[in-house]
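First up is the structure itself, then whatever we jot down about it.
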Amino acid sequence: MKPILTHSSLTPIPAPWLARSSLEVAPDLVGCTLVRQFDSGLALHGLIVETEAYTPGDPACHAYRNRTARNAVMFGSAGMAYVYLIYGMYHCLNVVTDSDGVPSAVLIRALQLDTVPDWIDDRQATKPHRVAAGPGKLCRALKIDLSLTAQPFGVNEPLWLAHRSSAFQQAIDQAEIRLVQTTRIGLTQGADLPWRWYIQNNPAVSKKMIE
DNA sequence: TTATTGATCCTA
DNA sequence: AGGATCAATAAT
């Protein structure tokens, strides 16, 4: 395990905080921390550096058409994990948002990890801040798969979320850290909607981008 | 029932 | 530019 950065006290995010429009929650989750806890007692922390919002009426949302076995959790109450398999080989993690009955979620697209897990191969580990730089990569790094879908975020669960540190919030308030809002990645529908947010100049965002 | 698609990532 | 690889969804 190679340390990348340290973190101070973490305050858990309660489900009601997530029971808002995904368009509000997505930017608010940037700068928060995702914690992955294993049965072994090992815990990994990742600073959320990039998110995307998916809403009802959004053609890119998996819940756009009908309620199915896969997307059912998005119709439920906020604070649950929605995990799905993409392109047959990667998993993606979402936080379910908004009121019960309103299908919406926030996709976690990139994390800055506090440590590089042992199971990451040496080649990848040479660039520590790229290990979780993408929705598929972060699920691989944190061993997130379909077994975690429809599970609640919580301090006694495999996954939980913590609020921004006061230092991060201050940096946002003083514009030392800036959020960029732009279009989402990899979509054929709803590609023009500016519903992605990321930390400007952060080395762990999912792709190299200008401005 | 079979065919196509996809909120990705890596290699060349 | 192309391939890996498979569940959900669309088409037959």
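Per chain, numbering begins at 1; letters A, B, ... match sequence-line order. FYI, side chains are in, hydrogens and waters are out, and symmetry mates aren't considered; it's all heavy atoms of this structure. Just so it is clear, the structure is predicted and the values come from calculations on it, not from any experiment.
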- request: Please test A:Asp28 against A:Trp197 for side chain to side chain contact (heavy atoms under 4.5 Å, CB included), starting from the C-alpha separation and ending with a verdict.
  value: CA-CA 9 Å; A:Asp28 285 356; A:Trp197 291 265; over 6 Å; no
message: Less than 6.0 angstrom from the centroid, inside 45 degrees of the normal: does A:Arg184 satisfy that with respect to the ring of A:Tyr54?
response: yes
- prompt: Taking atom P in both C:dA11 and B:dA7, what distance in whole Å separates the two?
  reply: 16 Å
field: Nearest-Å distance once atom P is located in both B:dT2 and C:dT5
entry: 22 Å
query: Under 4.0 Å: is that the gap between some side-chain N or O of A:Thr68 and OP1 or OP2 of C:dT9?
result: yes
- request: Could you state the atom-to-atom distance from OH of A:Tyr87 to P of C:dT9 in whole Å?
  value: 15 Å
message: Expressed as a whole number of angstroms, how long is the span from A:Glu50:CD to B:dT8:P?
response: 10 Å
field: side-chain N/O A:Arg123 vs B:dC10 OP1/OP2, d < 4.0 Å
entry: no
Nearest-angstrom distance from the residue atom CD1 of A:Ile86 to C1' of C:dA4: 13 Å
message: What contact category does A:Arg70 fall into here, base, sugar-phosphate, or nothing, at under 4.0 angstrom with non-hydrogen atoms?
response: sugar-phosphate
- prompt: Is there a donor-acceptor contact under 3.5 Å from the side chain of A:Asn94 to the main chain of A:Tyr82?
  reply: yes
task: With a 3.5 angstrom cut-off on both distances, give the Watson-Crick or G-U wobble partner of B:dA7, or none if there isn't one.
output: none
query: A:Met89 CE to B:dG6 C1': how many Å, rounded?
result: 12 Å
- prompt: Starting at NE2 of A:His91 and ending at C1' of B:dT8, how long is that distance when rounded to a whole Å?
  reply: 12 Å
- request: Ignoring the backbone of A:Leu85, work out which of C:dC6, B:dA7, B:dG6 is nearest its side chain.
  value: C:dC6
message: If I take atom CG in residue A:Asp121 and atom P in nucleotide B:dC10, what distance separates them, rounded to the nearest angstrom?
response: 10 Å
message: Between A:Gln189 and B:dG6, is there a contact of a side-chain N or O with OP1 or OP2 at under 4.0 Å?
response: no
query: For A:Arg109 and B:dT8, is the shortest distance between a side-chain N/O and OP1 or OP2 below 4.0 Å?
result: yes
message: Can you say whether a donor on the side chain of A:Tyr84 sits under 3.5 Å from an acceptor on the base of B:dA7, or the other way round?
response: yes
- request: Examine distances only and state if a side-chain atom of A:Ser21 and a backbone atom of A:Leu23 form a donor-acceptor pair shorter than 3.5 Å.
  value: yes
- prompt: Are there more than 12 heavy atoms of other residues, nucleotides or ligands under 6.0 Å from atom CG of A:Asp121?
  reply: yes
task: Output yes if the stacking criterion (under 5.5 Å between centres, under 30° between planes) is met for A:Tyr90 over the base of B:dT8, else no.
output: no
task: Remember a base hit wins even if backbone is also touched, and classify A:Gly136 as base, sugar-phosphate or nothing at under 4.0 Å, heavy atoms.
output: sugar-phosphate
message: Here's a test for you: under side chain to side chain contact (heavy atoms under 4.5 Å, CB included), which of A:Ile108, A:Ile86, A:Leu107 qualifies with A:Pro135?
response: A:Leu107
- request: When you get a sec, tell me which of B:dT8, B:dA7, B:dC9 is the closest nucleotide to the side chain of A:Leu187?
  value: B:dA7
query: Is there a side-chain polar atom (N or O) of A:His62 under 4.0 Å from OP1 or OP2 of C:dA8?
result: no
message: Tell me the interatomic distance from A:Ile108, atom CD1, to B:dT8, atom C1', rounded to whole angstroms.
response: 17 Å
message: If the cut-off is 4.0 Å, is A:Arg140 near the phosphate of B:dC10, judged by side-chain N/O to OP1 or OP2?
response: yes
task: In whole angstrom, give the distance that lies between atom NZ of A:Lys127 and atom P of B:dC9.
output: 15 Å
